[in-house]
Amino acid sequence: MRIRTLEISVGAFIVAGIGALFLLALEVSGLSLSPTQDTYKLYAEFTDVGGLRVRGKVSLSGVTIGRVNSIALDPKSSKAVVEMDIDADVNYLSADSVAVISTAGLLGEKYINVSIGGDEEALKDGDFFYSTQGALNLEKLISDFATSK
């Protein structure tokens, strides 16, 4: 009987470990088990997305308000066009809001940080951010510093 209890305990521990790994994989990949919220799409053009990835977060004041849905190259302007799904309850982003690609930490993941402007008109589904700032390219900065006199 004692061996049977030990076997059941080890089995339960292994099942709990596999469950924890599954949840960790979901968290790292940006997927979620919760039902999706209503969203609307906003777009932004950047000269350099510098490592921004699909399912990257979009945040306002450090709070996640959406996700990057797709990144594509516009053949006319040769700029990267980022499509974002913004939570429907965040419907107060002013038309002159700024989208900036930021880095979590010194070498962390890239995300889009939105700063609200002062315009009374709000961005609607399908609108573009009027002002954007691309990613800071650390390699380019070091290269420029190393080659400068």
Side-chain angles (χ1 to χ4, degrees), residues 10-149:
V10 170
F13 181 76
I14 290 173
V15 169
I18 290 171
L21 286 175
F22 178 72
L23 291 176
L24 179 66
L26 285 178
E27 182 66 27
V28 169
S29 66
L31 298 174
S32 174
L33 293 176
S34 62
T36 57
Q37 297 180 350
D38 289 337
T39 60
Y40 64 100
K41 296 192 182 309
L42 292 179
Y43 298 90
E45 287 185 335
F46 294 98
T47 55
D48 184 7
V49 291
L52 181 70
R53 297 182 185 262
V54 172
R55 290 193 311 259
K57 72 177 184 178
V58 179
S59 73
L60 173 66
S61 301
V63 177
T64 301
I65 60 170
R67 295 275 175 201
V68 173
N69 191 28
S70 69
I71 301 172
L73 186 63
D74 182 12
K76 292 181 181 174
S77 66
S78 297
K79 290 183 176 180
V81 177
V82 177
E83 178 184 289
M84 296 167 269
D85 288 333
I86 306 295
D87 295 341
D89 58 342
V90 185
N91 56 4
Y92 47 82
L93 297 176
S94 61
D96 60 346
S97 295
V98 179
V100 178
I101 296 178
S102 301
T103 305
L106 186 59
L107 299 173
E109 71 172 315
K110 302 284 186 189
Y111 67 97
I112 296 179
N113 188 23
V114 176
S115 299
I116 292 184
D119 197 346
E120 293 181 9
E121 185 178 340
L123 291 170
K124 299 179 295 283
D125 187 37
D127 283 349
F128 276 76
F129 280 94
Y130 178 73
S131 181
T132 61
Q133 181 179 345
L136 178 66
N137 190 336
L138 194 57
E139 292 174 357
K140 185 177 184 303
L141 282 176
I142 292 172
S143 173
D144 289 347
F145 179 74
T147 58
S148 67
K149 294 181 181 180

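This is a predicted model, so every value here is computed, not measured.
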J.: I'd like to check the side-chain contact (heavy atoms from CB on, under 4.5 Å) partners of F13; sequence neighbours left out, ordered by chain and number.
T.: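 In terms of side-chain contact (heavy atoms from CB on, under 4.5 Å), with neighbours along the sequence ignored, F13 is linked to no residue.
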J.: Working to the nearest 0.5 angstrom, can you tell me the gap between L52 CG and I101 CD1?
T.: 5.0 Å
J.: Taking the side chain as every heavy atom from C-beta outward, state whether I112 and F129 have any pair of such atoms under 4.5 Å apart.
T.: no
J.: Could you tell me if the side chain of Y92 sits less than 4.5 Å from the side chain of I116, heavy atoms only?
T.: yes
J.: Nearest 0.5 Å please: distance from the OG1 atom of T39 over to the CG atom of N69.
T.: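 CG of N69 is found 8.0 Å from OG1 of T39.
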J.: Which residues pass the side-chain hydrogen bond (donor to acceptor under 3.5 Å, both in side chains) test with T103, not counting sequence neighbours?
T.: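 For T103, the residues satisfying side-chain hydrogen bond (donor to acceptor under 3.5 Å, both in side chains) (neighbours in sequence not counted) are K110.
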J.: Can you sort out the partners of E121 under salt bridge (Lys or Arg N to Asp or Glu O under 4.0 Å), two or more places apart, ordered by chain and number?
T.: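 Testing E121 for salt bridge (Lys or Arg N to Asp or Glu O under 4.0 Å), a comparison that skips the adjacent residues, returns K124.
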J.: Which pairs pass salt bridge (charged side-chain N to carboxylate O under 4.0 Å, His left out) with one or both residues in residues 79-91, sequence neighbours excluded?
T.: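 Only K41-E83, K41-D85 qualify under salt bridge (charged side-chain N to carboxylate O under 4.0 Å, His left out).
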J.: Would you name the heavy atoms of S61 and N113 that are closest together and state the gap between them?
T.: N-OD1, 4.3 Å
J.: Are any of the side-chain heavy atoms of L93 and L60 separated by less than 4.5 Å?
T.: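 Yes - at least one pair of side-chain heavy atoms lies under 4.5 Å apart.
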J.: List in chain and number order the residues that pass side-chain contact (heavy atoms from CB on, under 4.5 Å) with V100, two or more places apart in sequence or in another chain; answer none if no residue qualifies.
T.: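 V100 satisfies side-chain contact (heavy atoms from CB on, under 4.5 Å) with V98, S102, Q133 only.
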J.: Output all residues satisfying salt bridge (Lys or Arg N to Asp or Glu O under 4.0 Å) with D74, sequence neighbours left out; order by chain, then residue number.
T.: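 For D74 there are no salt bridge (Lys or Arg N to Asp or Glu O under 4.0 Å) partners, ignoring immediate neighbours.
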J.: Should the heavy atoms of other residues, nucleotides or ligands under 6.0 Å from OH of Y130 be counted, would the total exceed 12?
T.: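 Check fails, neighbour count at 12 or below.
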J.: Could I get the full list of side-chain hydrogen bond (donor to acceptor under 3.5 Å, both in side chains) partners for S94, not counting sequence neighbours?
T.: D96, S97
J.: Measuring from atom CG of D38 to atom CD1 of I86, what distance do you get when rounded to the nearest 0.5 angstrom?
T.: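 Atom-to-atom, D38:CG and I86:CD1 are 14.0 Å apart.
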J.: Quick one: side-chain contact (heavy atoms from CB on, under 4.5 Å) partners of I14, sequence neighbours excluded?
T.: V10, I18
J.: Applying ring pair (Phe, Tyr, Trp, His ring centres under 6.0 Å), can you list everything that pairs with Y111, at least two apart in sequence or on another chain?
T.: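 Checked Y111 against ring pair (Phe, Tyr, Trp, His ring centres under 6.0 Å); zero matches.
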J.: So which heavy atom on I71 is nearest to which on V82, and how close?
T.: CG1-CG2, 4.2 Å
J.: Could you work out, with side-chain hydrogen bond (donor to acceptor under 3.5 Å, both in side chains) as the rule, every residue matching K57, not counting sequence neighbours?
T.: none
J.: Considering non-hydrogen atoms only, spot the tightest contact between A95 and D119 and give its length.
T.: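 That closest heavy-atom pairing would be CB-OD2, 3.6 Å.
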J.: For a quick test of reading the model, state the closest non-hydrogen atom pair linking E45 to T132 and the distance between them.
T.: O-OG1, 2.6 Å
J.: F128: which residues meet the ring pair (Phe, Tyr, Trp, His ring centres under 6.0 Å) condition with it, sequence neighbours left out?
T.: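 With neighbours one apart ignored, the set is Y43.
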